[in-house]
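A short worksheet on the structure shown next.
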There are 2 protein chains.
Amino acid sequence: MRKVTLQDLADTLGVARSTVSRALRADPQISVATRGRVDRLARAVGYHPNAAARALTHREAGVVGLVLPRSAHFVFANPYFAELLEGIASVAESVGLPILLSASTTPDYERWLREARVDGLLTLGSSLGESDIQRLEALAAGGAAVALVGEPIRPTDLRVLVCDERPGIDQACERLANDGHECVTLVTGPAHAPYARSRSAVWRSAAERHGLQILRSITGDDTFDAGRDAARVLLGSRCAATAWLFGNDHMAFGALHALDEAGLRSPDHVSVVGFDDVMAAALVGLSTVHQPIRELGTEAMRALAAELRQQPRSGTPLVTRFVPRRTSASPLSASRHSSEGGHIDISEP
Amino acid sequence: MRKVTLQDLADTLGVARSTVSRALRADPQISVATRGRVDRLARAVGYHPNAAARALTHREAGVVGLVLPRSAHFVFANPYFAELLEGIASVAESVGLPILLSASTTPDYERWLREARVDGLLTLGSSLGESDIQRLEALAAGGAAVALVGEPIRPTDLRVLVCDERPGIDQACERLANDGHECVTLVTGPAHAPYARSRSAVWRSAAERHGLQILRSITGDDTFDAGRDAARVLLGSRCAATAWLFGNDHMAFGALHALDEAGLRSPDHVSVVGFDDVMAAALVGLSTVHQPIRELGTEAMRALAAELRQQPRSGTPLVTRFVPRRTSASPLSASRHSSEGGHIDISEP
DNA sequence: TTGTAAGCGTTATCAA
DNA sequence: TTGATAACGCTTACAA
């Protein structure tokens, strides 16, 4: 099927290409009569301007690239990203910016920009290293629109969308302390990931502020399996912590699963607190720090769109809050149900 | 930043555009010497051919469109799609086909094809009506590559990827019958969605085959909320069914949530069986019919890639199987536990 | 109000 | 082995 072009329309109407072009874009200098004829014909034959040709003349693709961290598996298995994507996709649709998806670990995104396949990039999850940031800054300096979701490894002039983790984490620690917890365990995200380090630091300072001692800290990689494994280790080592604090819900889910396998339940055996408040958290009753994930996505996409139009930055600050559910309770009441006594096992935090 | 073009390279090297073009694509007719010079320079300046220009001359975009059913919210809130996307994205990456994402309810996809923005379409979830199928068939006849995931409303020559729902559903009904269930309730997906109707028919025939009476059937819209609402209705009406069968896990999760709200548990009060076996199903112990979702995604993307290259069809048949977990049990043993309430851990039957 | 023509960055078909 | 040159489909000065 040969696709219908502007020239085809012009030929059948007996006018010039340019006339058709102008008519279609409602140029006021075109007579109403011809414009009507053109519109009618275009609609009749289902004409749509060729995107490549437009991109070539306009020097812009009208598409933005979405850069996913790590593998497709990592991203899509994690409900956090599903919610983020939801926010992003809905705004993308409403502003008419198609999204090009890359789940590549190699910096595909740079090629996309150099090929002019996309006008801008939205990078998620910020497992971006220093070299990535430099690359992105260079691309932005070269005219590309760039926005990051999540705290980057260092301050940058790129648009960054984050949400303030402190209030929610502080509330969580306050609540745990008030409930009578004294010793906790921290299970954080990967040490090389800046957001994980910063979140971990926030947990630590909040714990200290509320008199919670961090008996032990484990580094996971933010996956379900990491949480499960961490929990197994903790269960095996009979750590005396009465609460486990996780860097994200996904790991907390893994821990709940491990508890379940071991025939134990939260909060009877131990309180479990997550971070993110993905939808499944409410379902399983996970106490967690709520982050407005969807809003993070919508704000990010809006920011990117604004950057494309070179509009000034404007952001609604996003904040976290603690959502207590079933998996956190006073260790005193919980200990009644607990079958195990406490062997204390203090390791370096 | 003016982007570097083929002409730029040619100018600085003092050769013709066409020479550079050929050198870069390793045309054997180019001398090794000039090819080396070209390659070196191209790499040095970070040259990448403009995608729009290529698309224009090649008459193909090198991009495929992903058509999501309904809203972004519906899709991303449903873990089924997350897993499907994972499969799709990973293959897309490995075959080097970027994915353009549309979460639009309006047939954006047709425009994308007419604009030559994409060479093919992968449509998910098949909430496609007759008119959609006709449109897609016409587009396919016009040279577009099209693949559908999920049973369409009627037979079609388009590539369709499905997985055989019968074995898993049959096993589920057999197991329920063996466990002593006699009366069940069916909560299906939307009546207008072909896949939901066909799945519902499969449930019905399997139930009949194994002597399970369907006391009642409710139509939901495949969302968490629909499952929750269905469960509330069932709880309110004191339906005598000892098992609830769902059209997908997402609705089953909603039902579990409603049970939880009512202070009831599955399988103590009622057995709950889902369909899909998304990852969260294992976490909450949902008995469900397993569908190889990720494989469905990878197969679909592979099929689309094959279609683009006009390669013959070849498919691995995908099948379902029942995965009994905690939410299904004998109604007899369950009733014993239901009076005890509280902290009891129900082990698998 | 409309037509002509140049250009966007590549590729491909000729010649040279 | 390389160089002109004509597409590809659209936009946009500049003329008419």
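Quantities reported herein were computed from a predicted structural model and do not represent experimental measurements. Per chain, numbering begins at 1; letters A, B, ... match sequence-line order.
Closest non-hydrogen pair, Ala89(A) versus Phe76(B), comes out as CB-CE1, 3.8 Å.
At the phosphate of dT11(D), OP1 or OP2 sits under 4.0 Å from a side-chain N or O atom of Ser21(A). Proximity of Arg54(B) to the phosphate of dG9(C): no side-chain N or O atom is located under 4.0 Å from OP1 or OP2.
Atom NE2 of His48(A) is separated from atom C1' of dT11(D) by 19 Å (rounded to the nearest Å). Atom CD of Glu60(A) and atom P of dT11(D) are 13 Å apart (whole Å). The separation between His58(A) atom NE2 and dT12(D) atom C1' is 9 Å, rounded to whole Å. Here the P atom of nucleotide dA7(D) and the CG atom of Leu56(B) are 14 Å apart, to the nearest Å. Atom pair Arg114(A):CZ and dG9(C):P shows a separation of 15 Å (rounding to whole Å applied). Atom CZ in Arg59(B) sits roughly 9 Å away from atom C1' in dG9(D) (whole-Å rounding). One can place CG of Leu24(B) at 16 Å from P of dG9(C), the figure rounded to the nearest angstrom. In this structure, Leu6(B) atom CG and dA4(D) atom C1' are separated by 14 Å, rounded to whole Å.
Listed nucleotides dC10(D), dC8(D), dA4(D) differ in distance to Arg22(B); the shortest reach to its side chain belongs to dA4(D). Each of dT11(C), dT1(C), dC8(C) was ranked by its minimum atom distance to the side chain of Gln29(A); first place goes to dT1(C). Considering only side-chain atoms of Thr19(B), the nucleotide from dG9(C), dT2(D), dC10(D) that sits closest is dT2(D). Taking the side chain of Val15(B) as heavy atoms from C-beta on, and the options dT2(C), dC10(D), dG3(D), the nearest nucleotide is dG3(D). Listed candidates were dT11(D), dG9(C), dT2(D). Nearest to the side chain of Ile30(B) is dT2(D). Counting only heavy atoms from C-beta on, Ser31(A) has its side chain closest to dT2(C) among dT2(C), dT10(C), dG9(D). Of the candidates dT11(C), dG3(D), dG3(C), dT11(C) carries the atom nearest the Arg17(B) side chain, counting heavy atoms from C-beta on.
Looking only at distances, no side-chain donor or acceptor of Asp39(B) sits under 3.5 Å from a matching main-chain atom of Gly36(B).
Between Ala16(B) and Thr57(B), the residue anchored nearer the 5' end of DNA chain D, judged by the nucleotide with its closest heavy atom, is Ala16(B).
The shortest side-chain heavy-atom distance between Leu68(A) and Leu66(A) falls under the 4.5 Å cut-off. Using a 4.5 Å heavy-atom cutoff, the side chains of Leu41(A) and Tyr47(A) are not in contact.
Ser18(B) comes within 4.0 angstrom of a nucleotide base, judged by non-hydrogen atoms across all strands.
Counting heavy-atom neighbours within 6.0 Å of Arg313(A) CZ, excluding the residue itself, gives a total above 12.
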